[in-house]
Amino acid sequence: MIGLIGLIGLIGLIELIELIRKILIVMDETGERGRDMLLNHPYGAAIAAAMNQLAEKSDFSGSVLAAKDGAVLFKQSYGYASREHGVLNAPSTKYRIWSITKLFTAAVVIMLHEKGHLDLDQSIAEISQELSVFDHAITVRHLLNHTSGIYSYTDSEEFARRGSKLPLGREEMLRHIHQQPCVFLPGAACAYNNSAYYLLGIIIECLTGEHYETYVKRTILEPSGMYHTGLDNNSSIISSMAAGYSWDRDVGIRKSEYVDIETAFSAGGLYSTVEDLYLWDRELHAGRLISKRMQEQMLTPYLDGYGLGWKIEGKHGRRRVGHSGAYRGFRAEFDRYPDDNATVIILSNLDAPVEEIRDAIAAILLQ
């Protein structure tokens, strides 16, 4: 565990005092856009000191939020939203969250289930005509917990090299998914699957008669006050949206490789902010949109530690639930420690690992 004494030994007392002094300076919007926040808990200072070291070590670019017992203890941003224009990241910066999208897709499906609009053990082929070509033994639950056996379209080298850059419509995406043989029988094994969550988006649209983004906004985002979250696309101008960057061993940081974001859809197409994701955390904690009973089902691991949309595992001797996202230009972590009412959210616009940062923050929060 990282304590204040350990941090003093790590960076030196003078440096620690100077760091805390700087962070305690509250900037207004006409200064440095409020990037430094007033710390209201000793853990916040410890996290700040750890982040000072880790951000420099890894060239971290992004936003971080840590909270416990309903209070935000640390919220700060590092690096540039746009390196070309010298625009700094801020807590209000929007980032692609990639597979954290799956938490919202799963939530909508569970909400539809609680309203009696579908059964989790219902065959997907019976729900939508578009999905009638799939094995009738595949259920909604299989899609949610990655046990469907359906071929995951992102496993294809050809898709990564070429298909991900093309404006593939739904019909072509479905054909690409279905024409590949299943990798195992439904329920027989677990394999992380983006196709499954793409199909869940189609199911949501079929049952609601609304576009996926429209329904997610109406039922989750707006009731939660998440007005800075949405479904990315290839044409909209999204204010405060970070550009994505990647690390190249030969040239250093460069622009990330292009991807047609619409191929991600309900499997990974959302963008958000650390502040909005914390609102989602609080909504889950309150149990207003999804009952506590159904949340327990969602957080019950099946195979390979996956529940209904959530990854469940142990860390620091505690139960950790959440999801990560990682693809061209962005990394994201949304981790909840429900038994400790603690949350760590990391959004980065540099496609480089953030696990060390995640674990260091959690170690401080949970000590």
Side-chain angles (χ1 to χ4, degrees), residues 94-106 108-109 124-125 127-135 138 140 142-144 146 148-183 191-217 229-238 241 243-244 246 255-272 309 323-332 349 351:
K94 297 169 183 146
Y95 305 83
R96 287 179 175 174
I97 61 173
W98 293 122
S99 284
I100 293 176
T101 300
K102 292 178 173 66
L103 297 182
F104 293 91
T105 300
V108 170
V109 171
I124 65 170
I127 298 175
S128 168
Q129 181 62 33
E130 288 181 283
L131 306 184
S132 61
V133 295
F134 289 93
D135 186 343
I138 298 172
V140 175
H142 288 139
L143 298 184
L144 286 168
H146 300 284
S148 68
I150 291 173
Y151 168 80
S152 183
Y153 66 92
T154 50
D155 287 347
S156 165
E157 291 184 9
E158 173 62 17
F159 180 83
R161 184 181 64 83
R162 182 172 178 273
S164 63
K165 299 178 176 66
L166 300 177
L168 304 178
R170 175 176 297 183
E171 184 177 341
E172 191 166 355
M173 285 290 292
L174 283 172
R175 183 167 56 250
H176 175 68
I177 294 169
H178 179 254
Q179 71 183 5
Q180 304 296 329
C182 289
V183 295
Y192 188 77
N193 198 310
N194 282 303
S195 292
Y197 274 78
Y198 191 98
L199 300 187
L200 285 171
I202 293 175
I203 289 173
I204 289 168
E205 293 189 344
C206 175
L207 292 176
T208 65
E210 298 182 47
H211 187 268
Y212 171 80
E213 180 184 24
T214 302
Y215 194 76
V216 171
K217 277 189 174 181
T229 302
L231 187 68
D232 205 352
N233 59 61
N234 297 317
S235 57
S236 294
I237 297 172
I238 302 171
M241 184 75 176
S246 297
K255 279 187 171 182
S256 65
E257 189 176 356
Y258 174 76
V259 59
D260 186 294
I261 189 61
E262 293 181 18
T263 63
F265 186 41
S266 50
L270 291 181
Y271 62 84
S272 191
H323 216 291
S324 60
Y327 200 45
R328 296 171 186 169
F330 295 87
R331 294 287 179 112
N349 62 326
D351 191 3

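Excluded from the calculations below are hydrogen atoms, water molecules and symmetry mates; all remaining heavy atoms, backbone and side chain alike, are included.
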* To do: Assess the side chains of Ser256 and Ser246: does a donor N or O sit below 3.5 Å from an acceptor N or O?
  => no
* Structure fact -> The salt bridge (Lys or Arg N to Asp or Glu O under 4.0 Å) partners of Glu158 (sequence neighbours excluded) come to Arg161
* Asked: Among pairs that include at least one residue of residues 195-209, which meet salt bridge (charged side-chain N to carboxylate O under 4.0 Å, His left out), considering only residues two or more places apart or in two chains?
  -> Arg170-Glu205
* Report, as yes or no, whether the 6.0 Å neighbourhood of atom NZ on Lys255 holds more than 12 heavy atoms from other residues, nucleotides or ligands. => no
* Asked: Who are the side chain to side chain contact (heavy atoms under 4.5 Å, CB included) partners of Asn233, not counting sequence neighbours?
  -> Ser235, Ser236, Glu262
* Taking only Lys NZ, Arg NE, NH1 and NH2, and the carboxylate oxygens of Asp or Glu, determine whether Arg331 and Asp351 approach each other closer than 4.0 Å. => yes
* Asked: Less than 4.5 Å apart, any side-chain heavy atom of Ile203 and any of Leu131?
  -> yes
* **Geometric class of the His323/Tyr192 ring pair [parallel <30°, tilted 30-60°, perpendicular >60°]** => tilted
* Checking side chain to side chain contact (heavy atoms under 4.5 Å, CB included) against Ser195, which of Leu174, Ile150, Leu143 comes through? -> Ile150
* For residues Asp260 and Asn234, determine if any side-chain heavy atom of one lies less than 4.5 Å from a side-chain heavy atom of the other. => yes
* Asked: Atom CD1 in Ile177, atom CG in Asn193: separation rounded to 0.5 Å?
  -> 8.0 Å
* **4.5 Å side-chain heavy-atom contact, Gln180 and Ser152** => no
* **Contact check, side chains of Ile204 and Tyr215, non-hydrogen atoms, under 4.5 Å** => yes
* To do: List for me each residue that meets side chain to side chain contact (heavy atoms under 4.5 Å, CB included) alongside Ala267, sequence neighbours excluded, and say none if there are none.
  => Lys102, Tyr153, Asn194, Tyr197
* Could you list the residues that satisfy salt bridge (Lys or Arg N to Asp or Glu O under 4.0 Å) with Glu210, not counting sequence neighbours? => Arg218
* Asked: How about Phe159 and Thr263: do any of their side-chain heavy atoms sit closer than 4.5 Å?
  -> yes
* Asked: Looking at residues at least two apart in the chain, or sitting in another chain, which of them share a side chain to side chain contact (heavy atoms under 4.5 Å, CB included) with Asp232?
  -> Arg96, Ile238, Met241, Ile261, Tyr271
